[in-house]
Amino acid sequence: MKAQLIKIIQTALTDLIQQEKLSEVDLPEIQIERTKDKLHGDFACNIAMMLAKPAKMNPRQIANLLVDSMKDVDFIDRIDIAGPGFINFFLSAKSTQQIVKDVLASGNTFGRSQVGKGKRVQVEFVSANPTGPLHVGHGRGAAYGSVVSSLLMAAGFDVHREYYVNDAGRQMDILATSVWLRYLDACGEQFTFPSNAYKGDYVLDIAATLKADKGELFRYQASEIFADVPLDEPQGGDKELHIDGLTNKAKTLLGESGYRQLFDLGLNSILADIRADLADFGTVYDEWFSERSLMESGVIDQAIETLKNSKSLYEKDGAWWFRSTDYGDEKDRVVVRDNGQTTYFASDIAYHLNKFNRGFDTVIDIWGSDHHGYVPRVKASLEAMNENADRLKVLLVQFAVLYRGSEKVAMSTRSGDFVTLRELREEVGKDAARFFYVLRGADQHMDFDLELAKTQSTDNPVYYVQYAYARVCSVFRQLAERNLVWDQVQGEIHLTRLVEEHEQALLTALARYPEVIESSALNHTPHILAHYLMDLSRDFHTYYNAHHFIIDDLELSQARLTLVSAVKQVIYNGLTVMGVSTPETM
RNA sequence: GCGCCUGUAGCUCAGUUGGAUAGAGUACCAGUUUCCGAAACUGGGGGUCACAGGUUCGAUUCCUGUCAGGCGCACCA
């Protein structure tokens, strides 16, 4: 519709210039927008105001000329000029009613767009370290990432959803060590649990599994293990050196294969838990990409070689540094430590190079806002390897600050004091949790009150939308009980009977859906879809209270049932994109 | 100190990329069910869009500065 209006204005403009009624100027982009107020018609255009200065004419005068030279088209009833020079278009009843037929004809595919056709997009999100269960902080990234992915699919993109598994590195060593120590404790060894180890209950569960599987195979005497390990912090030592010392002990005492078994047990049980958790949350992935596989395939070394060849690395204090300052970063970054080990940053360079080499047109990373300082250096590394860094889009999600009532909730995976995503889901349900997370813009700080989400879950807007859907279903159940049927053909013929204000509001709301999907997808703003669904539901509830659908006037009744069916379809399509269920009864 | 994000109704937040009289939910007050589900609807009060300048036909939106809050500034991941 917008495109057609733009075309009409464009031809009117060029006609005027040819007739020399308007001086020849650089034509700005023609903008058509939906009006906020019904009095201003359905669509408005501000072109006259934009042309006023370059053409040196009064904007209302320009608007008059434009409207006069526009040709009559059947889908427009009337064109007004208002205010400082807005051109307001009033659509004909026939064209607004057409949307109902479009919705029903397209069904589940209504609203899908082709803007992304032929373009491959990779979306990487959550990617939490597998050192513990997901907590509510990860929930926002999971909900946001999966809805952004669904939106991009609805917009025609070929989407690849990926989780980057940090299955290498020190944090995982600490987890393995934590499991081992809990296992030793279960075997009856006496010692003080390190302050820096993972303390969550899930570690105890994994340790119990280990004991059940291996018996006392991995048991060593505490006195032997702790003998020459640096002291822990409470004993006046260093907690980092203490835990690292214990990890080294685990490696030497258990041997490579024993340690690997321990390590993998921890990794796999937690990863399995995360996968199941995300699946239950309605978040699915196309690929789980292992950091370890990256190391073993030699991609990291390759990336480092590439950087060395482009003279982007230099050696200082025994380490290799990347010249990220050349690309606007605040300081240079280490990629190979003086002990020869590559840094996490080196892995990330290689991972992004790998992503680019897989041929995606766009690579989207969804990160917590605490990683924002990381963006410049990753982009810098890509540029240094002669890649177009614009292909990488990093979307930052602000933290949800947890409250229990008015009290802030402290969260630490290490201490085990956190609210898991699973707990949240069990309390408020998948649908409410997803909707709640996605209701706010990603760059908006969010206050997440657990009490509110848990105890007042019926106040959650998701029920408002689901109820609208259930109500439509209920209408059709009622219809069947009265031995009546919905006749879509008759309904479509009599759509002209839909003249009530509430019906007009619903018709324009339905017509907006494809625009909402497209702009939500391209701008990565799922909250626009969430708000749209609430608006549409409100329009429906209002209509429902004002008018009856099952009435003696059969023509009007069929027309209304047809309209309401279209509403049901659009709510269904929208909630499906959001990964929220559509119960027929509640 | 530097960088990123934010500041809109009592509270939680929208505001369609610069448009017309700034909107929802919630809370509060007052109403609506012999009739398709009251998890709904109708009405009401509630605002210096943090503050000060600038850009222009026009600013909550863009620019600069100030104030306030969150986060980040490792040879950790």
Side chain of [X] only, heavy atoms from C-beta on: which candidate in [options] is closest?
| X | options | answer |
| --- | --- | --- |
| A/Met49 | B/rG37, B/rC4, B/rC57 | B/rC57 |
| A/Phe86 | B/rG19, B/rC75, B/rG25 | B/rG19 |
| A/Tyr467 | B/rA40, B/rG19, B/rG70 | B/rA40 |

For the backbone of [Y] and the side chain of [X], can you confirm whether one donor and one acceptor N or O come within less than 3.5 Å of each other?
| X | Y | value |
| --- | --- | --- |
| A/Ser557 | A/Asp553 | no |
| A/Ser113 | A/Val115 | yes |
| A/Asn46 | A/Met49 | no |

Aromatic ring pairing [X]/[Y], orientation class (parallel under 30°, perpendicular over 60°, tilted between):
| X | Y | result |
| --- | --- | --- |
| A/Tyr513 | A/Tyr532 | tilted |
| A/His547 | A/Tyr543 | tilted |
| A/Phe549 | A/Phe540 | tilted |
| A/Phe345 | A/Phe322 | tilted |

Which part of the nucleic acid, if any, lies within contact of [X], taking any heavy atom under 4.0 Å across all strands shown: a base, the sugar-phosphate backbone alone, or nothing?
| X | answer |
| --- | --- |
| A/Ala168 | sugar-phosphate |
| A/Ser347 | nothing |
| A/Asp370 | sugar-phosphate |
| A/Ala319 | base |
| A/Ala44 | base |
| A/Asn129 | sugar-phosphate |
| A/Asp317 | base |
| A/Glu330 | sugar-phosphate |

Rounded [atom1] spacing from [N] to [M] in Å:
| N | M | atom1 | result |
| --- | --- | --- | --- |
| B/rC5 | B/rA9 | C1' | 23 Å |
| B/rU34 | B/rA24 | P | 28 Å |
| B/rU17 | B/rU12 | C1' | 25 Å |
| B/rG3 | B/rA59 | P | 29 Å |
| B/rA50 | B/rU6 | C1' | 11 Å |
| B/rA38 | B/rG46 | C1' | 26 Å |
| B/rC71 | B/rA27 | P | 30 Å |

Nearest-nucleotide 5' precedence on RNA chain B, A/Arg333 against A/Leu522 =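 That would be A/Leu522.
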
Closest-nucleotide 5' rank along RNA chain B - winner of A/Arg471 and A/His371 =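 The residue mapped nearer the 5' terminus is A/Arg471.
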
[X] has an atom [atom1]; how far is it from atom [atom2] of [N], in whole Å?
| X | N | atom1 | atom2 | answer |
| --- | --- | --- | --- | --- |
| A/Phe435 | B/rA39 | CZ | C1' | 14 Å |
| A/Ile30 | B/rG19 | CD1 | C1' | 17 Å |
| A/Phe399 | B/rG72 | CZ | P | 7 Å |
| A/Arg60 | B/rA20 | CZ | C1' | 12 Å |
| A/Arg170 | B/rA74 | CZ | C1' | 12 Å |
| A/Tyr532 | B/rG25 | OH | P | 18 Å |
| A/Ile87 | B/rA20 | CD1 | C1' | 14 Å |
| A/Gln31 | B/rU61 | CD | P | 17 Å |

Please name the pair of heavy atoms, one in [X] and one in [Y], separated by the smallest distance, quoted to 0.1 Å.
| X | Y | answer |
| --- | --- | --- |
| A/Leu529 | A/Ser520 | N-OG, 3.6 Å |
| A/Glu503 | A/Arg497 | OE1-O, 4.1 Å |
| A/Leu479 | A/Val485 | CD2-C, 3.7 Å |

query = Is A/Glu555 close to A/Arg560 at the side-chain level, that is, under 4.5 Å between some pair of heavy atoms?
reply =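 The answer is no; the side chains never approach within 4.5 Å.
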
query = Do A/His372 and B/rG3 share a donor-acceptor pair, side chain to base, under 3.5 Å?
reply =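 When only heavy-atom distances are counted, A/His372 does reach the base of B/rG3 through a donor-acceptor pair under 3.5 Å.
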
query = So, does the side chain of A/Asn88 form a donor-acceptor pair with the base of B/rA20 at under 3.5 Å?
reply =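 Yes, the side chain and the base share a sub-3.5 Å donor-acceptor pair.
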
request  = Determine if the base of B/rU34 is syn or anti; take syn to mean the glycosidic torsion is within 90° of 0.
outcome  =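 Because its glycosidic torsion lies more than 90° from 0, B/rU34 adopts the anti conformation.
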
key: B/rU17, syn or anti by chi within 90 degrees of zero   =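 What B/rU17 shows is a syn base, its glycosidic angle lying within 90° of 0.
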
inquiry  = Before you tell me yes or no, could you show the steps for A/Asn196 and A/Glu240 under side chain to side chain donor-acceptor pair (under 3.5 Å), namely the whole-Å CA-CA distance, both residues' side-chain angles and the distance that decides it to 0.1 Å?
reply    = CA-CA 7 Å; A/Asn196 209 27; A/Glu240 307 291 348; 3.2 Å; yes

task = Residues of residues 540-556 of chain A with any non-hydrogen atom less than 4.0 angstrom from an atom of RNA chain B: list those, numerically ordered, please.
result =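 By residue number: A/His541, A/Thr542, A/Tyr544, A/Asn545, A/His547, A/His548, A/Phe549, A/Ile550.
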
Any side-chain N or O of [X] less than 4.0 Å from the OP1 or OP2 oxygen of [N]?
| X | N | value |
| --- | --- | --- |
| A/Gln478 | B/rG37 | yes |
| A/Tyr464 | B/rC41 | yes |
| A/Arg560 | B/rC36 | no |

message = Restricting to ring-ring contact (aromatic ring centres under 6.0 Å, His included), what partner residues turn up for A/Tyr144, sequence neighbours left out?
response =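 Testing A/Tyr144 for ring-ring contact (aromatic ring centres under 6.0 Å, His included), a comparison that skips the adjacent residues, returns none.
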
ask   = A/Gln171 and A/Asn166: side-chain donor and acceptor closer than 3.5 Å?
value =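 Side-chain D/A pair, A/Gln171 to A/Asn166: absent.
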
Could you write out each protein N or O paired with an N or O of nucleotides 54-56 of chain B at a distance under 3.5 Å?
none

request  = Salt-bridge test for A/Lys38 and A/Glu501: reply yes if a basic N is under 4.0 Å from a carboxylate O, no otherwise.
outcome  =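 No salt bridge links A/Lys38 with A/Glu501.
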
Secondary-structure stems, RNA chain B, at least 3 Watson-Crick or G-U base pairs under 3.5 Å =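 So the stems come out as B:1-7 with B:67-73, B:10-13 with B:23-26, B:28-32 with B:40-44, B:50-54 with B:62-66.
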
task = Under the side chain to side chain contact (heavy atoms under 4.5 Å, CB included) rule, collect the residues that match up with A/Gln488, sequence neighbours excluded.
result =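 Applying side chain to side chain contact (heavy atoms under 4.5 Å, CB included) to A/Gln488 gives A/Leu104, A/Trp486, A/Glu492.
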
Please tabulate, one pair per line, each protein N/O and nucleotide N/O from nucleotides 6-16 of chain B that are separated by under 3.5 Å, including the distance.
{"residue": "B/rU6", "atom": "OP1", "partner": "A/Asp443", "partner atom": "OD2", "Å": "3.3"}
{"residue": "B/rU12", "atom": "O2'", "partner": "A/Arg440", "partner atom": "NH2", "Å": "3.1"}
{"residue": "B/rC13", "atom": "OP1", "partner": "A/His445", "partner atom": "O", "Å": "3.2"}
{"residue": "B/rC13", "atom": "OP1", "partner": "A/Asp447", "partner atom": "N", "Å": "3.1"}
{"residue": "B/rC13", "atom": "O2'", "partner": "A/Arg440", "partner atom": "NH1", "Å": "2.6"}
{"residue": "B/rA14", "atom": "OP1", "partner": "A/Gly441", "partner atom": "N", "Å": "2.8"}
{"residue": "B/rA14", "atom": "OP2", "partner": "A/Gln444", "partner atom": "NE2", "Å": "2.8"}
{"residue": "B/rG15", "atom": "OP1", "partner": "A/His527", "partner atom": "NE2", "Å": "3.0"}

